[in-house]
There are 2 protein chains.
Amino acid sequence: MAISFAEENYLKIIYRLSESTNDDISTNAIAELTQNKAASVTDMLRKMSEKGWVNYQKYQGVRLSAIGEKIALDIVRKHRLWEVFLVTKMGFNWDEVHEIAEQLEHIESEVLIDKLDAFLDFPRTDPHGDPIPNKEGILPQLEYFPLANLPLASPATLVGVAQDSAVFLQLLTKLNLKLGAKLEITEINEFDLSVGLRIDEAQPVFISHAVAKNVLVKR
Amino acid sequence: MAISFAEENYLKIIYRLSESTNDDISTNAIAELTQNKAASVTDMLRKMSEKGWVNYQKYQGVRLSAIGEKIALDIVRKHRLWEVFLVTKMGFNWDEVHEIAEQLEHIESEVLIDKLDAFLDFPRTDPHGDPIPNKEGILPQLEYFPLANLPLASPATLVGVAQDSAVFLQLLTKLNLKLGAKLEITEINEFDLSVGLRIDEAQPVFISHAVAKNVLVKR
DNA sequence: TTAAATTTTTAGACAAGGCTAAAAATTATT
DNA sequence: AATAATTTTTAGCCTTGTCTAAAAATTTAA
Ligand SMILES: [Mn+2]
Ligand SMILES: [Mn+2]
Ligand SMILES: [Mn+2]
Ligand SMILES: [Mn+2]
């Protein structure tokens, strides 16, 4: 069953939304990311449900089926491998590659992707630190990753920092963020991507996205 | 004015048909190459004429406008550069790259193509010997011609092919005819225009006129 | 526990890019 | 020059993926 660009984009976006929550994904959330109207999303969800790619109940939201998740992971794999290519081989900066990868992720050729993977030396993460799924759709278990990528309500341990400027490290100390601290994200603010963070079972505090990106955690 | 994949394909195919004739291009010829029905072609020609990409008169055939030709050359440039990439960097054979390049040629990013061009060391021809237009749409002047036009006992070098179907390229491989091969015609058979051909100083073999017409050589 | 606000779905429309069948124009053959 | 064959266009229909406006369901607030 052939899949269209539009369908691939919907699956990828549902996947992305699923990463940071366990709830079903809402029509409006999908509409916002696809840049379509909610009515259009409803229609596509009905069609993709027919095809068995998502489990969808009217008014109840949607989640990916096993097949849908595999398709989404294939697209994510392609997107991230192409991003590595663009940065390491073509000399783009990491902030310039996303839009081009949005196009390249739809190129259909399994053997091309395998060769690209080898050409890039089997990278485990893309230029933004995001993990690259293998052909089977399995994400490498990274021993550490940015706090900014930690899903809501999923406990982790602070194991490092991605930056060692004095001002940054002093701020961590002020926040009581030290190696070995038990962390849990309680809230993610759409507006500025700042997060509510519970540190060692205490009352949550707010930290900026800039800080969250530079704090490394392990599950 | 955004351009769709379908439109890009029509322009590219009209360009290709224009390469081997000075006449206007017929609806049926386009239908055959696009794999669409003539009625659909008529409709697209009318629309593309509106947009100023082709000059089209009902029943009289079509030809590219200056703008249309520039668009077509841009696509040809991308197609051929990606084919070089696939062969020289990804390790594909020359008969495996056309279908993938058909997809990659629609990726939209001028800067990506410029970087790719540099990454590949500014190739003048693709893996099939076809010239690669520069950004301005200018084709490098190559001095090759069909093997079928080579006189007896006059050494030449295989520098390209006039066709890149997989069956044809596979036949060449079987015959040990590859880019750079030293060729010399030892015999021409009046009856079917087949030729005796010495390849790299080996014992002569017979090849059909159809093959000889599609093999490009340089003195 | 109603009423109000919000979210989601339905209904109907539209553009792009295809198709088939029939009509019209062009070209080839007597 | 008339007829036959071929090519091209027109007319009408279809699917995909989008939209707006209105209706229905759900959630929030009074
Ligand atoms: Mn990206
Ligand atoms: Mn990325
Ligand atoms: Mn090609
Ligand atoms: Mn080629």
Side-chain angles (χ1 to χ4, degrees), chain A residues 1-14 17-18 21-64 68 71-72 75 102-103 105-106 108 187 190-191, chain B residues 1-14 17-18 21 23-64 68 71-72 75 102-103 105-106 108:
Chain A
M1 196 182 299
I3 185 167
S4 69
F5 282 22
E7 289 166 331
E8 289 193 342
N9 282 329
Y10 274 97
L11 290 176
K12 184 187 56 172
I13 277 164
I14 296 168
L17 289 165
S18 306
T21 178
N22 282 314
D23 296 347
D24 288 11
I25 307 305
S26 76
T27 300
N28 263 356
I30 297 167
E32 192 166 353
L33 288 197
T34 57
Q35 311 250 55
N36 292 321
K37 300 297 164 170
S40 312
V41 173
T42 298
D43 215 51
M44 281 300 267
L45 292 184
R46 200 182 39 66
K47 290 182 201 166
M48 295 197 300
S49 182
E50 295 279 301
K51 303 197 186 195
W53 298 337
V54 298
N55 296 115
Y56 167 62
Q57 308 265 58
K58 282 204 289 194
Y59 294 102
Q60 298 314 127
V62 73
R63 56 180 67 214
L64 292 175
I71 298 171
I75 301 161
E102 288 286 306
Q103 299 179 61
E105 73 191 3
H106 301 293
E108 214 179 300
E187 206 175 330
E190 188 95 25
F191 173 63
Chain B
M1 197 181 299
I3 185 168
S4 69
F5 283 21
E7 289 166 333
E8 290 192 343
N9 282 330
Y10 274 98
L11 291 176
K12 184 186 56 169
I13 276 164
I14 297 168
L17 289 166
S18 306
T21 179
D23 297 346
D24 288 11
I25 307 306
S26 75
T27 301
N28 265 356
I30 297 166
E32 192 166 354
L33 288 197
T34 57
Q35 311 250 55
N36 291 322
K37 301 295 164 172
S40 310
V41 173
T42 298
D43 214 52
M44 280 301 267
L45 292 182
R46 199 182 39 67
K47 288 183 201 165
M48 295 197 300
S49 182
E50 296 279 300
K51 302 195 186 195
W53 298 336
V54 298
N55 298 114
Y56 168 61
Q57 308 265 58
K58 282 204 287 192
Y59 295 101
Q60 298 315 127
V62 73
R63 56 180 68 214
L64 293 175
I71 297 171
I75 301 160
E102 287 288 305
Q103 299 179 60
E105 72 190 5
H106 301 293
E108 213 178 303

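This is a predicted model, so every value here is computed, not measured. Chain A is the first sequence line, chain B the second, and so forth, proteins listed ahead of strands; every chain is numbered from 1.
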Enquirer: Starting from the 5' end of DNA chain D, give me the residue, Arg46(B) or Lys37(A), whose nearest nucleotide shows up first.
Expert: Arg46(B)
Enquirer: What's the separation between atom CG in Asp23(A) and atom CG in Leu17(A), rounded to the nearest 0.5 Å?
Expert: 11.5 Å
Enquirer: Heavy atom of residues 22-35 of chain A under 4.0 Å from DNA chain D: which residues?
Expert: Gln35(A)
Enquirer: Test of understanding: with side chain to side chain donor-acceptor pair (under 3.5 Å), list the residues that count as partners of Ser4(B), not counting sequence neighbours.
Expert: Glu7(B)
Enquirer: Not counting sequence neighbours, which residues clear salt bridge (charged side-chain N to carboxylate O under 4.0 Å, His left out) with Glu187(A)? List them please.
Expert: none
Enquirer: Using five pairs at either end of the helix from dT1(C)-dA30(D) to dT30(C)-dA1(D), determine the angle between the two local helix axes and round it to 10 degrees.
Expert: 0°
Enquirer: Got a sec? Which of residues 54-61 of chain B come in under 4.0 Å of DNA chain D, heavy atoms?
Expert: Tyr56(B), Lys58(B), Tyr59(B)
Enquirer: Can you name the side chain to side chain donor-acceptor pair (under 3.5 Å) partners of Asp24(B), sequence neighbours left out?
Expert: Arg63(B)
Enquirer: At 4.0 Å (heavy atoms only), tell me whether Asp43(B) reaches a base, stays on the sugar-phosphate, or touches nothing.
Expert: nothing
Enquirer: Hey, where on DNA chain D does chain A first and last touch, going 5' to 3'? Cut-off is any atom under 4.0 Å from a heavy atom.
Expert: dG17(D) to dT26(D)
Enquirer: Given that Ala39(B) and Met44(B) both sit by DNA chain C, which one's nearest nucleotide is further toward the 5' end?
Expert: Met44(B)
Enquirer: Using side chain to side chain donor-acceptor pair (under 3.5 Å) as the criterion, list what pairs up with Gln103(A), not counting sequence neighbours.
Expert: none
Enquirer: Check every strand shown and say whether Tyr10(B) touches a base, only sugar-phosphate, or nothing at a heavy-atom separation below 4.0 Å.
Expert: sugar-phosphate
Enquirer: Would you be so kind as to tabulate the donor-acceptor pairs closer than 3.5 Å made by side chains of residues 29-47 of chain B, with sequence neighbours excluded?
Expert:
| from | atom 1 | to | atom 2 | distance (Å) |
| --- | --- | --- | --- | --- |
| Thr34(B) | OG1 | Ile30(B) | O | 2.9 |
| Thr34(B) | OG1 | Ala31(B) | O | 3.4 |
| Thr34(B) | OG1 | Asn36(B) | N | 3.4 |
| Thr34(B) | OG1 | Asn36(B) | ND2 | 3.4 |
| Asn36(B) | ND2 | Tyr10(B) | OH | 2.9 |
| Thr42(B) | OG1 | Ala38(B) | O | 3.2 |
| Asp43(B) | OD1 | Arg46(B) | NH2 | 3.4 |

Enquirer: Show the numbers, then the answer: is there a side-chain contact (heavy atoms from CB on, under 4.5 Å) between Val54(B) and Leu11(B)?
Expert: CA-CA 8 Å; Val54(B) 298; Leu11(B) 291 176; 4.1 Å; yes
Enquirer: Side-chain N or O of Thr42(A) less than 4.0 angstrom from OP1 or OP2 on dT10(C)?
Expert: no
Enquirer: Please enumerate all residues that pass ring-ring contact (aromatic ring centres under 6.0 Å, His included) together with Phe5(B), with sequence neighbours excluded.
Expert: Phe5(A), His106(B)
Enquirer: Quick one: are Met48(B) and Ile14(B) in side-chain contact, heavy atoms under 4.5 Å?
Expert: yes
Enquirer: Using every non-hydrogen atom in the two residues, find where Gly61(A) and Tyr56(A) come nearest and quote the distance to one decimal.
Expert: O-CD1, 3.6 Å
Enquirer: Minimum heavy-atom separation for Ala2(B) to Trp53(B), with atom names?
Expert: O-CH2, 4.5 Å
Enquirer: Under the salt bridge (charged side-chain N to carboxylate O under 4.0 Å, His left out) rule, collect the residues that match up with Glu105(B), sequence neighbours excluded.
Expert: Lys12(B)
